[in-house]
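Reviewing the structure listed below.
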Amino acid sequence: MCKKILAGNWKMNTTIEQGISLVAALIAGEKEIPAHVQVVVVPPFTHLHIVHQYLKNHGIMIGAQNCAAHAKGAYTGEVSAEMLASVSCQYVIIGHSERREYYGENAQILNQKLAQALRVGLTPIFCVGERLEEREAGSYFAVIASQLRETVAMLNPSDFSKVVIAYEPVWAIGTGKTATAEQAQEVHAFIRKTLAESFGILAAQTSILYGGSCKPSNAAELFAQNDIDGGLIGGASLSAEDFLAIARAF
Ligand code: 13P
């Protein structure tokens, strides 16, 4: 059975004070989180150390939103995977559509980032997903297959077994327009099938998360689908009440 994961991507939101109150509210509600669900908070880099101080005696884990493609050195403004591991991050999001779109991250860069994350023992949450025009043109399977084949499908099986996939249709991110449970399930099953071509049975154990306008009102239906193993939540993860409600939806 795949691990159930609920990750909250705060994106570029919250000051330190706001971040701390959000984490404090999650700790206060931690007992509401079902025992079989691993909750991960993914704050901005500046918050990771202090958030870890708050979470270290709790079951909630921390992740980062990005990491550098290089191990260390003269890369002003970058944060290495090793630095993230040193502040007790366990997860790192790689290939988010916002990174692909606004920062030109292509398959080559993403492969370097995957290698860096895996080298230091971070679990990559690797994102794929089609744009609106690709959905409307009916080319979304081809788009997602190539996003997978150029990146995670090239890992060795041992590294691949550590990777979590997130399906985030770009047209559903921050738009309030969620994929229906059927649309999401269709793509999740396709992702699993595509990964099985490279990794066989390992694909059955890969956690595949859904992301894109997931909220308390639609989470239960999404998580009830066979191939949906959790969520990568943006906007709704900025409210402890909503995020905990989504956790209860598993
Ligand atoms: P929203 O939940 O705000 O649509 O964002 C999804 C997302 O991009 C999470 O990484």
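Counting starts at 1 for both ligands and their atoms, following the listed order. Fair warning: this is a prediction, and the values are worked out from it, not measured in the lab.
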When hydrophobic residues are tied together by side-chain contacts of less than 4.5 Å, even through go-betweens, does L202 share a cluster with I125?
no

Taking only heavy atoms of G174 into account, list the atoms of ligand 1 that are under 4.0 Å away from them.
1 (P), 3 (O), 4 (O)

Find out if a path of hydrophobic residues (ILVMFWY) with successive side-chain heavy-atom gaps under 4.5 Å connects L110 to I144.
yes

Going by the atom numbers of ligand 1, which of them fall below 4.0 Å from some non-hydrogen atom of A172?
4 (O)

If we only count N/O pairs under 3.5 Å, is H96 in contact with ligand 1?
yes

State the NE2-CD1 distance between H70 and I109, to the nearest 0.5 angstrom.
8.0 Å

Check ligand 1 against E168 and write out every atom of the ligand that is under 4.0 Å from a heavy-atom position of the residue.
6 (C), 7 (C), 8 (O), 9 (C), 10 (O)

Show the atoms of ligand 1 that are less than 4.0 angstrom away from any heavy atom in G235.
1 (P), 2 (O), 3 (O)

Consider ligand 1: state whether an atom of it lies below 4.0 angstrom from any non-hydrogen atom of G176.
no

Is there a side chain to side chain donor-acceptor pair (under 3.5 Å) between Q225 and H188 once you walk through the steps?
CA-CA 9 Å; Q225 305 302 310; H188 281 234; over 6 Å; no

Where do W10 and P44 come nearest, in terms of heavy atoms and distance?
CE3-CD, 4.0 Å

Ligand 1 versus C127: contacting region, heavy-atom distance under 4.0 Å:
neither

Mark up the atoms of ligand 1 that fall under 4.0 Å of a heavy atom belonging to L232, in ascending order.
9 (C), 10 (O)

Would you give the length of the straight line joining atom CD of Q90 to atom OG1 of T123, rounded to the nearest 0.5 angstrom?
8.0 Å

S213 touching ligand 1 at heavy-atom level, < 4.0 angstrom
yes

I'd like to know if V42 and I50 are part of one continuous hydrophobic network [Ile/Leu/Val/Met/Phe/Trp/Tyr, side-chain heavy atoms within less than 4.5 Å].
no

Are T194 and R149 close enough that some pair of their side-chain heavy atoms sits under 4.5 Å apart?
yes

With a 4.5 Å limit on heavy-atom distance, are the side chains of I208 and R192 in contact?
yes

Mark up the atoms of ligand 1 that fall under 4.0 Å of a heavy atom belonging to N9, in ascending order.
9 (C), 10 (O)

To which protein heavy atom is atom 2 (O) of ligand 1 closest, and what is the distance rounded to 0.1 Å?
G234 N, 2.9 Å

Element-labelled atoms of ligand 1 that are located less than 4.0 Å from some non-hydrogen atom of G212:
4 (O), 6 (C)

Is there a heavy atom in K11 that sits closer than 4.0 Å to ligand 1?
yes

